Amino acid sequence: MAKIVRELPGLALTPEDISQRKVLSTSWVPKAEYAWDAGIAMGRYLEELRNGRLMGVRHRRCGRTVIPPRIFCEQCFAPMDEWGELPDTGTVNTFSICYVSWDVKRLEVPEIPAVIEIDGTSPRVGILHKLGEVDPQQVKVGMPVKAVWKPAEERNGAITDILYFQPI
Amino acid sequence: MQKQMAIVGVGYSGFSSISPGLSYKELMYEAAVRAYQDAGIDPRQDADGFVTVAEDFHEGTSIFDEYVPDQLGAVMRPVHTVTGDGIHGLIAGALKILSGAMNIVVVEGHSKASNILTLSQVTAYALDPIYNRPLGLNPYSIAGLEMQRFLHQTKNTVEQCARVVVKNRRNALNHPSAGHGSDISLEDVLASERVASPLRKLDIAPHSDGCVVFVLASADAARDLTPQPIWIRGMGWSNGSYSLEQRNWAHADYARQAAQMAYHQAGVEKPHDEIDFAEIDDTFSYKELQHMEALELCGEGEAGRMIDEGATQPGGSLPINVSGGSLGVGNLLEASGLQRVLEVVLQLRGQASARQLKNVETGLAFAWRGLPTASGAALVLSR
């Protein structure tokens with residue numbers, strides 16, 4: 001308890017004071033649900049993930065090959081539509097060892113989020129995913145990795161059709 | 001204001017009930033490419049800044065403004081997002097030019113209303129959480145309350161409101177991009193199902209997806225870019241009290257004040273005589289009549305008579321919502337105001353094809369921010 005609170009007379013507010021409505025409050029659970037149209041670029045990317053393939057888009061004018069695909073070049077604003085399959089291998093650009101889950105629970109086995117620079121992109125760009133089957137202490141920037149896919153019958157056209165990337 | 005800044009490029013994509021073929025980013029890209037082509041600019045070289053309008057709860061993404069730059073050609077450029085109607089954003093962009101800080105500014109607004117599965121609950125989330133939300137009322141009831149008081153006080157009628165729906169839905173048939181044109185009768189509107197009496201289903205503008213992009217320029221830049229700049233002559237906006245308990249339920253005070261600000265700048269003294277046509281909020285049928293009176297396009301209680309006499313039809317003395325308005329084009333969420341400005345620009349340029357009005361010099365666009373707000377923004381434009 002902070003020093004100022006110890007020195008002041010009075011009672012601290014407890015969660016029970018609120019749940020027993022000694023202190024009045026109002027609560028509201030939002031119902032906000034969305035279904036985003038995947039459109040051209042995301043739609044084909046997700047479709048090919050279901051097929052176990054990583055697709056990129058090459059921009060003829062500026063020579064870049066990017067993943068995830070997009071229909072426009074954010075640098076020169078021209079359309080991008082030369083699609084090509086990329087290997088499911090790459091190298092670790094950066095990583096973290098995360099001991100807290102997305103909904104703020106302590107994890108016994110940490111997660112390893114990483115940005116994987118996919119082979120064949122130019123200049124090299126990556127996708128955000130996780131690493132698996134690796135001792136967290138052994139992960140290094142620049143480490144070569146390969147995708148581990150869900151079994152074909154379980155894939156449903158989502159980024160989670162890749163379970164994780166593992167070192168090769 | 002005398003010819004200090006102008007709209008020099010317009011581009012749009014949509015407007016339809018659903019748009020599964022394009023992601024919101026691709027929808028924005030499509031409209032932006034057209035606007036830059038129309039203005040003859042390269043956004044990567046020529047645009048000094050970008051303004052977009054968006055509400056995180058409509059997008060389903062927090063801090064949505066971060067998802068804006070790439071598809072507008074705005075990466076590593078000055079960008080800011082306004083949470084308000086598109087006309088609020090357009091005014092923010094115009095002020096950057098008026099301040100002398102920028103010469104060319106891009107303004108964008110879009111709707112992917114079809115992607116919001118619980119739009120009614122998202123709208124309800126805009127209500128006061130302590131005083132109003134616990135009652136669990138559908139937000140359309142607020143429109144019902146307002147319509148009731150407006151009709152009671154002005155003696156306009158539900159039939160006159162229904163006539164607005166018939167007019168705007170039919171107008172939309174002449175607008176190839178409008179999503180909700182139809183040839184319906186007064187009886188169809190009056191027989192449609194009750195939603196929040198006196199408001200019926202067809203009194204409510206259905207939603208559409210779409211995107212509108214404008215390129216604004218200073219006077220010098222505008223004259224360099226186009227032989228046909230559309231000048232921003234006056235702009236005004238006003239925010240009423242959020243209190244549902246204390247607001248003026250009969251009259252749109254926010255519209256009156258926003259318009260007076262814009263008219264004053266434009267030197268418009270008699271709106272009914274000096275405004276040739278208007279694109280004004282008709283999110284609900286009665287809103288067109290209520291806004292006509294607040295915008296001083298007619299006197300109090302006279303809007304109904306004008307629709308009865310056909311004055312606001314495309315061939316009338318003061319055409320209103322020739323585009324079809326929200327009732328005919330669709331409610332485009334934050335982009336609604338930009339669609340109204342778009343129609344004013346196309347009409348003033350003489351590019352409105354089958355619905356082109358003759359001899360129009362000055363037009364008014366007015367946007368209401370939608371339920372449950374009492375806020376609006378007005379723009380006076382001329383050739």
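Convention: sequence-line order gives letters A, B, ...; per-chain numbering from 1. These numbers were taken from a predicted model, which means no experiment stands behind them. Hydrogens, waters and symmetry mates are skipped; everything else that's a heavy atom, side chains included, is used.
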Are R44(A) and W83(A) in a cation-pi setup, meaning NZ or CZ lies under 6.0 angstrom from the ring centre and within 45 degrees of the ring axis?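 Yes.
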Taking the six-membered ring of Y99(A), is the NZ or CZ of R106(A) close enough (under 6.0 Å from the centre) and on axis enough (within 45°)?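 The answer is no; the distance or angle limit is not met.
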Quick check on [X] against chain A: is it the side chain, the backbone, both or neither that has a heavy atom closer than 4.5 Å?
| X | value |
| --- | --- |
| P43(B) | side chain |
| Y36(B) | side chain |
| L119(B) | neither |
| E59(B) | backbone |
| R44(B) | side chain |
| S19(B) | both |

Greatest number of heavy atom pairs closer than 4.5 Å to chain A - which of [options]:
| options | result |
| --- | --- |
| D70(B), V33(B), L22(B) | D70(B) |
| R133(B), K112(B), M76(B) | R133(B) |
| V122(B), V75(B), I18(B), I116(B) | I116(B) |

Interchain contact, A32(A) with chain B, by part (heavy-atom threshold 4.5 Å):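 Both backbone and side chain of A32(A) come within 4.5 Å of chain B.
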With D88(A), which of I116(A), I162(A), L54(A) fulfils side-chain contact (heavy atoms from CB on, under 4.5 Å)?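 Only match with D88(A) under side-chain contact (heavy atoms from CB on, under 4.5 Å): L54(A).
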For the rings on F64(B) and Y24(B), is their centre-to-centre separation under 6.0 Å?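 Ring centroids of F64(B) and Y24(B) are less than 6.0 Å from each other.
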D38(B) side chain to G11(B) main-chain N or O, any donor-acceptor pair under 3.5 Å? no
Are any side-chain N or O atoms of S23(B) and backbone N or O atoms of E26(B), one a donor and one an acceptor, separated by less than 3.5 Å? yes
Decide yes or no on ring-ring contact (aromatic ring centres under 6.0 Å, His included) for F77(A) and F72(A), but give the supporting numbers first. CA-CA 6 Å; F77(A) 207 61; F72(A) 49 83; 7.1 Å; no
